Number of protein chains: 2
Amino acid sequence: MSKEKSYHHGDLKSALIEAGLAILERDGLKGLGLRAIAAKAGVSHTAPRNHFGSLRGLLTAIGAEGYRRHAAFMREGLSDASTGPDRLQAAMEGYVRFSAAHPALFKLMFSDYYCDFEDAELQEAAAGSYAVLTEVATGLDWDKAAAPDAQHRAEMMLWSFAHGFATLSASGQFGPGAEGANIPTISDVLPTFRYRDR
Amino acid sequence: MSKEKSYHHGDLKSALIEAGLAILERDGLKGLGLRAIAAKAGVSHTAPRNHFGSLRGLLTAIGAEGYRRHAAFMREGLSDASTGPDRLQAAMEGYVRFSAAHPALFKLMFSDYYCDFEDAELQEAAAGSYAVLTEVATGLDWDKAAAPDAQHRAEMMLWSFAHGFATLSASGQFGPGAEGANIPTISDVLPTFRYRDR
DNA sequence: GTTTTCATATTGCCAGTGTAAATATTGTGG
DNA sequence: CCACAATATTTACACTGGCAATATGAAAAC
């Protein structure tokens, strides 16, 4: 263990991201300040400025890491699913499972108040997350006659649905979340969609 | 015109809400500070404290007004729509039209960072907005056999879909919004849903 | 009509925030 | 060994929202 406290941290960049993620889990977005993150990483509050330009830059990097984990959540159940609809369902469940497990990070990721969506790294990470949705959406027999770009529209629909469900449930707007009440999951609602190769 | 500047404002409560809404339109969420709102209303930055307890209280009141306008947007095209599916489509379009016309207010309304969802007035206003969705969802022939509470699940699906589409498009995540590109509207994507009495 | 009362608005202050510039410390290539 | 670049710290600053004490004016009580 290099617990030696040297003037130079060594790998402060990733240490700050990890510190931010930890604070996000414990205290949510309210606790995510520049000074708090820096203190958790054991440095002064101006140290992050060398690696990320500003607080927003640091939060953007945290958001990018969030998108990678988000994609991982969606891919988690994919190996067990064989048919197209099952793969679709697994990805959707992963989408929501992530927002329930890491609500603060989820909000951060999709807020242009915290994240700079012009950032290249963030865009790449977000694209990786979106790619999972496009993967599970291909091969499904949507109503091609309706429009020439039916595939694209289907992706928009799935993304909208998953994101809306995740957002609303993470905000507790579907009811008292902590209760043992049987709130329908996204899979309960998903079959209302129309796809044909089931 | 009572342009006389008296020590007592008279109707500061609603003046502050209007000032906040105006700032929200012009500068977005970043410009929405306690001092900025108070200055626009022509009072000191501690005046709002008498009517709303804190900045959060004021923002919550602004959010409540947002929900009322949101409901009005959804009801806008309802009178011209006769059939069930047409009414559903009109409400969904209103949902998205609001988020496009007032993106900052839309974000404020659905963020528990700014709004206190325990507030009675906000809850009532939000319920009024949700009521429109339940109205247009009733009478549609969902797959009742799938579950006993098919109606509730259908509402969750519609709400999730509309909210997700509105959120993602308002955040510009569906593509470069300013371009003249033909980005599908929510009505383009909506027919992918399955309802039966068309 | 005067006085009391009370809601409302102001001033001055406070701790806390992110940012910036100047300084100190360390590793690295000449 | 030395100059240089990278990295972290210190100090200071403008700004934020919240609070306490004070000032104002309108409406109620006498």
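In the text below, chain A, chain B and the rest are named by the order of the sequence lines, each starting its count at 1. All of these numbers come straight from a predicted model, not from anything done at the bench.
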Measure from the side-chain N and O atoms of A/D119 to the backbone N and O of A/D116, and report whether any donor-acceptor pair falls under 3.5 Å. no
Just compare C/dT19, D/dG18, D/dT7 and give me whichever is closest to any side-chain atom of A/N50. D/dT7
Check ion pair B/R97-B/E76 (N to O, under 4.0 angstrom): yes
Take the protein atom CG of A/L12 and the nucleotide atom P of C/dG27, then report the distance between them rounded to whole Å. 15 Å
Check each residue of residues 28-47 of chain B for a non-hydrogen atom within less than 4.0 Å of any atom in DNA chain D, then write out the ones that pass by number, or none. B/G33, B/L34, B/R35, B/H45, B/T46
A/L16 CG to D/dT7 P: how many Å, rounded? 13 Å
What pairs meet the ring-ring contact (aromatic ring centres under 6.0 Å, His included) rule with one or both residues in residues 32-56 of chain A, with sequence neighbours excluded? none
Below the 4.0 Å mark, does D/dA6 have OP1 or OP2 next to a side-chain nitrogen or oxygen of A/H51? no
Please check if any side-chain donor atom of B/S187 sits under 3.5 Å from a side-chain acceptor atom of B/E93, or the reverse. yes
Rounded to the Å, how far apart are A/L58 CG and C/dG18 C1'? 12 Å
Show me the pairs that pass side-chain hydrogen bond (donor to acceptor under 3.5 Å, both in side chains) and involve residues 23-34 of chain A, at least two apart or across chains. A/E25-A/H102
Taking atom types as modelled, find out whether A/Q173 and B/Y130 have a side-chain donor-acceptor pair closer than 3.5 angstrom. no
